[in-house]
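What you see is a predicted model, and the numbers here were worked out from it, not measured in a lab.
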Amino acid sequence: MMKTLWPHARPYSKWIAAGVLCSAAEAVFELLIPLVMSEIVDIGIKNSDQDFILRKGGLMIAMAMISLAFGLGSAVLSSVAGQGFGANLRRAEYDRIQDFAFSNIEKFSTASLVTRLTNDVNAMQMTLMMGMRLLVRAPVMLVSALVLSIRISLRLSSVFLAALPLLLVAVLLILTRVGPLFRSLQEKTDALNLVVQENLMGIRVVKSFVREEHETEKFAARNHDLRDTSLRAFGMVVINMPIMMLIVYGTIIAVMWFGGQMVYAGTLEPGKLMTYFTYITQIMMSLMMVSMMFMMLSRSVACARRIVEVLEEVPAITDDSAETVPDGRGGGVPAAVEDGSIRFDHVSFKYNPESPEWVLQDVSLQIPAGATVGILGGTGSAKTTLVSLIPRLYEADYGTVSVGGRPVGAYTMKHLRDAVSMVLQKNTLFSGTIRENLLWGNPDASEEELWAACRAACADEFLERMPDGLDTDLGQGGVNVSGGQKQRLCIARAILKRPKVLILDDSTSAVDTATDAKIRAAFAGALKDSTKLIIAQRVASVQDADMILVMDGGRIAAQGTHEELMERCEIYRDVYRSQQEGVSIGG
């Protein structure tokens, strides 16, 4: 675990080392002050030597100021190191998540990944900040004060030495219970975040089905579960304090009793007894600080394991098999997609390796570059799964998917996905302006190119009515535009990419048939050399395609032109006739 985490703290190793030295120096100077105070009592006050008292008093003030300076230095250094470590850790986690395939993300769940990026990292950076101070200060103070107190009186030291085993036993008993509870606490936080995320993302569905009360009850159940787990976890931490205080004050009372007798008998000077009390208190407080740090470490270990799980997760899809081609200068460069030809060679796939059912089974297909292919099929027929294998959003279990004459694994994901533009079934726009969202397709696009893409996607119709045009703010997730407008903006963004392969996954479902026809007609001019795969529910959306695939049960039931399928594919005929009858009834 440390091997994985340390590289993210290494840039701040000098800050950590300096902070540790400051914490140690602060503790040392703080421990020397009681010795000076003892001399003031036993020598200065006893002999009524005012000059001696003033000199030693000035020395105490100087030592206190030096200790304060080291303390401030330790606080600053620990804050810089802790915050820097946390930032590096978040960046590393986020970068790793960007490399994940969908299957990796599904393994953790989105809500859990958010918790690991926020709560877990915050706990880790707080542990480093506190650890740099307490885990150094407490042991230094404990050992030093123990040595100095034994030098003052070995007999009195036997009193608190007898209390040490009690403290250790109490801390160990609590630690064995609190570790699993903190792991459970983070899992309960994941569960609560999942409910909140689902509710906020699906708030329109919740309100349309009047399910606010149901969602409130679901949230309350998870919230109470988190509360109960928190009470058990932090209850174990809280009980640590009264146990420690009972042992500490019991020890102080015993020392006062025996020490008072020694002063009365003349075997111990009053100043040394005062100093001894200070050291005993510091020893006990150091033990309490150590025990509290162990509590914090228990939670940090649980958080660290969850962070390491993300950092050590191996992406299911990598560039390991990517090929290079000669660059003409004796070197090699990653292979680029030459054209939009697509080939499926006996491809089979399932999402869960342990599932007995195949989602796609023995699919073979050849699509020439520049062709327009329509894909029809019922719900669950694996239409989306089929096209998701082209940009390697998922990896085929058997067989080979090729684009541009090479297997998709022969390209780096950057080169492959740069050549494939996909408008997903669920349209996504990001917070910001329309212009900023469109530039995802081509960051260097000119104003003319932006408007040309919008015209091709029939988005200019509503953009020209907006006062700010392309600079209109969309709000989070594109809440300021309708479903049909959102679809057209996503299509415009895909067109700007000038891809070798364009995939439209039911992406015109929210637009009327006339607009759908305009968009398809625009493709012939704007993307005439691109291979276009159009998943649709309406036969009218694909009947002019060069090839139409009919999917059924994860297989290609039939393929051909509209006329060919009307002659020999019963599934296609039934779909076409049912939609025609629907149009007639609607008319």
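A donor-acceptor pair under 3.5 Å is absent between the side-chain atoms of Arg306 and the main chain of Ala302, judged by distance alone. Checking side-chain atoms of Asn104 against main-chain N and O of Pro315 turns up no donor-acceptor pair under 3.5 Å. The backbone N or O of Ala410 sits nowhere less than 3.5 Å from a side-chain atom of Ser321 that would complete a donor-acceptor pair. Judged purely by atom type and a 3.5 angstrom limit, Arg116 has no side-chain atom pairing as donor or acceptor with the backbone of Val308. Looking at Lys532, its side chain does come within 3.5 Å of a backbone N or O of Leu527 through a donor-acceptor pair. A donor-acceptor pair under 3.5 Å is formed between the side chain of Arg417 and the backbone N or O of Pro391. No donor-acceptor distance shorter than 3.5 angstrom exists from the side chain of Arg555 to the backbone of Asp362, with no hydrogens or angles considered. At distances below 3.5 Å, at least one donor-acceptor pair connects side-chain atoms of Ser381 with backbone N or O atoms of Gly378. Although no hydrogens or angles enter the test, the distance criterion places no donor-acceptor pair under 3.5 Å between the side chain of Arg343 and the main chain of Ser402. In this structure a side-chain-to-backbone donor-acceptor pair under 3.5 Å is missing from Asp345 to Gly399.
More than 12 heavy atoms of other residues, nucleotides or ligands lie within 6.0 Å of CD in Gln98, so this atom counts as buried by the packing criterion. The local environment of CZ in Arg91 is sparse, with at most 12 non-hydrogen atoms from other residues, nucleotides or ligands closer than 6.0 Å. The neighbour count for Trp15 CH2, taken as heavy atoms of other residues, nucleotides or ligands under 6.0 Å away, does not exceed 12. Annotation: Trp440, atom CH2; neighbour count of heavy atoms from other residues, nucleotides and ligands within 6.0 Å does not exceed 12.
Taking all atoms of both residues into account, the shortest heavy-atom contact from Arg573 to Met566 is CD-O, 2.8 Å. Closest approach of Tyr411 and Arg392 over heavy atoms only: O-NH1, 4.0 Å. Across all non-hydrogen atoms, the minimal contact from Arg455 to Glu448 is NH2-O, 4.4 Å. The heavy-atom pair separating Ala494 from Val423 by the smallest distance is CB-CG2, 3.5 Å. The two residues Pro334 and Val325 have their closest heavy-atom pair at O-CG2, 4.3 Å. Residues Leu474 and Phe430 share a closest heavy-atom pair of CD1-O, 4.2 Å.
Residue Leu549 holds its CG atom at 9.0 Å from CG of Leu565, rounded to the nearest 0.5 Å. Atom CG of Asp552 sits about 15.5 Å away from atom OH of Tyr572, to the nearest 0.5 Å. Note: Arg305 CZ to Thr4 OG1 = 13.0 Å, rounded to the nearest 0.5 Å. Arg96 contributes atom CZ, which lies 9.0 Å from atom CD of Glu312 (distance to the nearest 0.5 angstrom). Of the inter-residue distances, the one linking Arg227 atom CZ with Lys188 atom NZ reads 13.0 Å to the nearest 0.5 angstrom. Between Ser103 atom OG and Ile317 atom CD1 the span is 6.5 Å, to the nearest 0.5 Å.
Classified by interplanar angle (parallel below 30°, tilted 30° to 60°, perpendicular above 60°), the ring pair Phe108/Phe100 is parallel.
At least one side-chain heavy atom of Ile307 sits under 4.5 Å from a side-chain heavy atom of Val121. Side-chain atoms of Asp418 and Lys414, non-hydrogen and from C-beta on, do get closer than 4.5 Å to each other. His415 places none of its side-chain heavy atoms less than 4.5 Å from the side chain of Val337. Side-chain contact check for Pro499 versus Val420: every heavy-atom pair is 4.5 Å or farther apart. No side-chain heavy atom of Thr433 sits under 4.5 Å from any side-chain heavy atom of Leu470. The shortest distance between side-chain heavy atoms of Leu386 and Phe344 falls below 4.5 Å. In this structure, the side chains of Glu93 and Asp120 stay at 4.5 Å or more apart for every pair of heavy atoms. The shortest side-chain heavy-atom distance between Val363 and His346 does not fall under the 4.5 Å cut-off.
Using a 4.0 Å cut-off between charged side-chain N and carboxylate O, Glu215 and Lys218 make a salt bridge. Look at Glu447 and Arg435 and you find a salt bridge, because one of the NZ, NE, NH1 or NH2 atoms lies within 4.0 Å of a carboxylate O, short of that distance. A salt bridge between Asp506 and Lys383 is absent, with no side-chain N of the basic residue lying under 4.0 Å from a carboxylate O of the acidic one.
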Could you walk me through whether Leu489 and Lys486 pass side-chain contact (heavy atoms from CB on, under 4.5 Å), step by step? CA-CA 5 Å; Leu489 288 174; Lys486 189 184 294 187; 5.8 Å; no
Test log, rule side-chain contact (heavy atoms from CB on, under 4.5 Å), inputs Glu570 and Asp574: CA-CA 6 Å; Glu570 185 177 352; Asp574 290 344; 3.8 Å; yes
Using side-chain contact (heavy atoms from CB on, under 4.5 Å), reason through Leu439 and Leu450 one step at a time and then give a plain yes or no. CA-CA 8 Å; Leu439 289 175; Leu450 290 173; 4.1 Å; yes
Under the criterion side-chain contact (heavy atoms from CB on, under 4.5 Å), I'd like the reasoning laid out for Arg488 against Ile519: C-alpha separation, chi angles, the key distance, then a yes or no. CA-CA 9 Å; Arg488 282 179 276 177; Ile519 293 172; 4.2 Å; yes
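For Tyr351 and Tyr394, the distance between ring centers is under 6.0 angstrom.
When the side chain to side chain contact (heavy atoms under 4.5 Å, CB included) test is applied to Lys107, the partners found at least two apart in sequence or on another chain are Glu313.
Across Val373, Val542, Val387, a single residue satisfies side chain to side chain contact (heavy atoms under 4.5 Å, CB included) together with Ile535, and that is Val387. Checked options Thr384, Thr385, Ile390; the residue passing with Ser388 is Thr384 (criterion: side chain to side chain contact (heavy atoms under 4.5 Å, CB included)).
Residue pairs that meet the salt bridge (charged side-chain N to carboxylate O under 4.0 Å, His left out) test with at least one member in residues 348-357, sequence neighbours left out, do not exist here.
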